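Note sheet for the following structure.
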Amino acid sequence: MKEKLSREEVLHVANLARIKLTEGEIEKYQVELKKLLTDVEKINEVEGYDEDILIACWDEFARLRKDEVGNMLDPKQVVENAPHHAGNYIEVPVVIGESEGA
Amino acid sequence: MSNYISTVGVEVHVELKTKTKIFSNSENGYGQMANSLTNVVDLAYPGTLPTLNEEVINLAIRAATILNCNIQRKMHFDRKNYFYPDISKNYQITQNDTPIGYDGYVEIETSSGEKEKIYIEEMHIEEDTCKSAHRGNRTLLDFNRAGVPLIEIVTKPCMKSGEEVKLYLEKLRELLSFGNISDCKIEEGSMRADVNVSLRKEESDPLGIKAEIKNIGSISNAKLGVEKEIERQTKLYDNGETFLPQTRRFDDKLGDTVLMRVKETGNDYRYFPEPDIPYVIITEEMIEKAKKEIPMLPDERREKYKELGVSDINTTKLVANRSLSDYFNTLLEEKTNFKTASNLLLGDIAAYLNKKEKEITETTLTKERFLELIKLMDNNTLTSKNLKDILNEVLESTEKIEEIMKEKGIENITNDDEIKSIIQKIIEENKESVNDYKNGHDRAIKYLMGQVMKETKGKANPKLAMDILTSCLQEL
Amino acid sequence: MKYLNKGIEEIHELLKSKIIKPIDLVEEAFENIEKNQELNAYITLNKEEALKTAKELEDKEVDNLLFGLPIALKDNIVTKDLKTTCASHILENFIPLYDATVVEKIKAKNMIIIGKTNMDEFAMGSSSRTSYFGAPKNPWDKNKICGGSSGGSAATIAARDVLFALGSDTGGSIRQPASYTGIVGMKPTYGRISRYGLVAFASSLDQMGPMTKNVYENAVLLNALVGKDEKDLTSANKEEEDFTRWIGQDIKGMKIAIPNFLMGDVVSSEVKGKIEEVISLLKEKGATVDYIDIKYLENAMTLYQIIAMGEASSNLARFDGIRYGFQAENVENIEDVYLETRGQGFGDEVKRRIMVGSYLLSGENAKVYYHKALSIRDDMKKEFQKAFQNYDLIIGPTSVTTAYDLSDPMDDPRKSFMDDVLVIPVNMAGLPGMNIPVGFDKNHMPIGMQIIGNYFEEAKMYQLGSFIEKELNLDLTPGGEK
């Protein structure tokens, strides 16, 4: 098995996590990430378990909230905590492309 | 031009009509000051956690029921991870593994009158994103819409034409708005549709390359978009060309679709089960409650109105006017003339409401007063002409309609004998005209009617008077 | 006069009889912290506000055991108007708009928040050395780590600066530093304490808990923290109970298990030896102690790596420099806002974990790793359940060694996971786990023992813990009695 990830592999996961890496970091993570990814491979050696999954140790089923309006923030508070704002809006550099969501 | 088989699937997002957002208790509202309807949960402040709005589950069950879906009894939520400034957590809470509804259908009626089922693959619950506006080289974010509850309804790729898409979307809008699930206002974004179009040669072939059309601003544009896209793909294939899977948008000005972007090789959303929300259990009681709360749906209304003797045209008009239809429905248990009721509602009353920009519920026309009005019209105490004179008072005061009539001096003679004796007197006094009538001069009867109305100072019910006059003349 | 090294009941009486005032305790706490400044236990001190609160309390009735007592909070617990940094550059100047539910509860008891303690960045690490503000030091030997990630909370309790601290434990982050610094640290059952306002690392594993100098005070503080919270759907719906109720009771007949895995080869002989001494003591006092096998324990670390890093990659996605916190300068488009802000804002350990976590959830990997981990996790939980059908409690060492040198290399990314190999299984199964000090190594560095209970059986754990504490009667003040 190879000792480290390729540059491209590191840059791919860095992009998934939206982290800009320096040249030094790329080299460092080629080795370090490989070590962790080798560790997690051990999961494939485990045997004998059933299909059921445990997402979290919830004590009961979801409690549903009544549809009643609660306290909201003052728009001033909202925008003043943001690094950049214009009027009542939070501001960011221009967004290109379309939302992936709804 | 060769023949291809087109395959079309539709994904629709609708915003649910709740008071609060899905995962927080801030207000679900439209058209308010930017960032005034948010709290720390909506803005994904560190340490915040989602809660789950009961009414969202209720409305989603109701929608699943209306769309004839099976309902998931134990479900969880999933995180869809992607970086974009419109989603504050940089993941959207949605349902990937266990959609609340699956395997449903809606029935449409084609122009030839045939019924056809449009199959629904699944419908799931998720949160809406924030609104962004682009200003030069900056983008402005307003999180009021962030966390508004949505359901996404995904059809099987079972349609073939723009017409079917149009009928499906109209039907869906009708069902969801009559079900009080969503406003379904496309122009305000509370209903949004994306369509997928592909072509293939034979039914036995696998589905062709897909183009997705987004940003469709109206149902007619959805139809047009599909037609244009089928046309575009057909031309390409006919020319021996092909294309990459892509996202297009409908451009209103061009009246055509334009390329947005070519799809990357599979989006990497890194879905995993949401650990912050335990399993949601949908009980029999919850389903029963949701079913019970379904208002009467359009098809049932149509059937019912026909049964009650409402004309076809009035039935169509009534069902198209939700609030008048709801008002009309309050009469269903009463003994009254539904034909008159529908004529009144869709005639003078609708004209009044339009002019005054009012809802029927904002007038003073209670059910009791409306029933009185119908009766007065039916027994000819009140004529259409009279009604026009007193309509404002009928809809704006709480007085009994008979009182209003009295104040306005409207007193119709509806007593047959009284009218008859007046008519006999007129016949005695106008022998010449009677003879003219007998000799075939139809005009003479109009003169005689004029005399009757003059004698009664216009208070005789004209229709009644005419009937009596005609029979008296024939008896001579 | 020193008060903060006394027991809480004595201090409570002094406050009640007005011999001392809350402000005396607050002033003493800040004197201690200043004297121990070298420990670097705090990121932010809340001096002005704490003194003000203490003054205000003078007019109020001393109505509960915790009234007027200073408490330190790990800096990943959100405090309104008080900087909360998670020991990260990305939140270096972040001032929250609300209080965590535990903070509301602490304030309701009229406790006084003294400051926010140092930790591993976003609680990722086992030595608190990943803090943006430098590592805290171990009061027993300032060249040693105090463990992590709740290192600052452990250090300030061990140094007797204050009586109470809160930590958080995702994969041992309360228990392991407690073991390195000779204090009592409880990670309660998952769901016992509302997580609302705890900055999430791995949502299905995170749980806050009390860190104190002794078992009794730990139980008293836990009493104040628990309860169902409408803001946290994962908080458990349990009746109130008094966690101190079995403290002082005999342990005769108690059935205790030791999983062989916890006494495996990775554990140093010194640590093992100390645990064996405790086992003899327990047997002598009438408890039964059996060595048992619990399946899948050896896989817990792998499951933890997959689940914790996967969840973390998603939980930390919100730190993007748009709505709050640090934003990189000179960025021209939105992609650069993300890339530069997160590239500059996160430290090494955090970057590594969220990159690996993103990879583990990407495409088909979600099935290959993540879902498989959730499946095995379910079976591991069931294995624990089987053990608790026959045993009251499970015990074992907390850490494989005692605290190591601050100067030890940090170049192996697996090290921080290996340090926690004995404490991780408890988080995977959502069980309660507690560290109690049971002795010292040859360099007089503390050794800790872990007590693991069945779900919601913290009271039984306190019973055993306090019994051992009383029997051993160790001097746990670094440098001897102050």
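Please read these numbers as outputs of a predicted model, since none were measured by experiment. Chain letters run A, B, ... following the sequence lines, proteins first and then strands; every chain starts at 1.
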* Ring centres under 6.0 angstrom apart (Phe77(B), Phe23(B)) ->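 Yes - the distance between ring centres of Phe77(B) and Phe23(B) falls below the 6.0 Å cut-off.
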
* Structure fact -> When Asn28(B), Thr20(B), Asn25(B) are each screened for side chain to side chain donor-acceptor pair (under 3.5 Å) with Asn53(B), the one that passes is Thr20(B)

* Indicate yes or no for a side-chain donor-acceptor contact from Arg79(B) to the backbone of Tyr91(B) under 3.5 Å, with no hydrogens or angles considered. => no

* So which of Arg270(B), Glu152(B), Lys74(B) has the biggest tally of heavy-atom pairs under 4.5 Å with chain A? ->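 The residue among Arg270(B), Glu152(B), Lys74(B) with the greatest pair count is Arg270(B).
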
* Structure fact -> Per-residue tally against chain A (heavy atom, under 4.5 Å) across Glu55(B), Lys21(B), Glu27(B) peaks at Glu27(B)

Part of [X] lying under 4.5 Å from any heavy atom of chain A:
{"X": "Leu52(B)", "answer": "both"}
{"X": "Pro273(B)", "answer": "both"}
{"X": "Ser26(B)", "answer": "both"}
{"X": "Tyr45(B)", "answer": "side chain"}
{"X": "Glu274(B)", "answer": "backbone"}

* To do: Starting from the C-alpha separation in whole Å, work towards a yes-or-no answer on side chain to side chain donor-acceptor pair (under 3.5 Å) for Thr38(A) and Glu41(A).
  => CA-CA 5 Å; Thr38(A) 309; Glu41(A) 281 303 321; over 6 Å; no

* **Side chains of Asn35(B) and Asn144(B), donor plus acceptor under 3.5 Å** =>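 No - no donor-acceptor pair under 3.5 Å links their side chains.
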
* Asked: Taking atom types as modelled and ignoring hydrogens, do the side chains of Ser24(B) and Asp42(B) form a donor-acceptor contact shorter than 3.5 angstrom?
  -> yes

Chain B contact via [X] - side chain, backbone, both or neither, heavy atoms under 4.5 Å:
{"X": "His85(A)", "value": "neither"}
{"X": "Asn71(A)", "value": "backbone"}
{"X": "Glu91(A)", "value": "both"}
{"X": "Ala62(A)", "value": "both"}

* Any side-chain heavy-atom pair of Glu284(B) and Arg73(B) under 4.5 Å ->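 Yes, side chains in contact.
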
* Could you check if a side-chain atom of Tyr29(A) sits within less than 4.5 angstrom of a side-chain atom of Leu21(A), using non-hydrogen atoms only? => yes

* To do: Would you check, one step at a time, whether the test side chain to side chain donor-acceptor pair (under 3.5 Å) holds for Asp74(A) with Gln77(A)?
  => CA-CA 5 Å; Asp74(A) 181 338; Gln77(A) 271 182 303; over 6 Å; no

* To do: Could you give me the CA-CA distance, side-chain angles and deciding distance for Arg7(A) and Glu23(A), then say whether salt bridge (charged side-chain N to carboxylate O under 4.0 Å, His left out) is met?
  => CA-CA 10 Å; Arg7(A) 262 183 80 83; Glu23(A) 277 306 313; 2.9 Å; yes

* Asked: Once you round to the nearest 0.5 Å, how far does CG of Asn96(B) lie from CD of Glu122(B)?
  ->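 Those atoms lie 8.5 Å apart.
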
* Positions in residues 181-189 of chain B that reach chain A, provided some heavy atom is under 4.5 Å away -> none

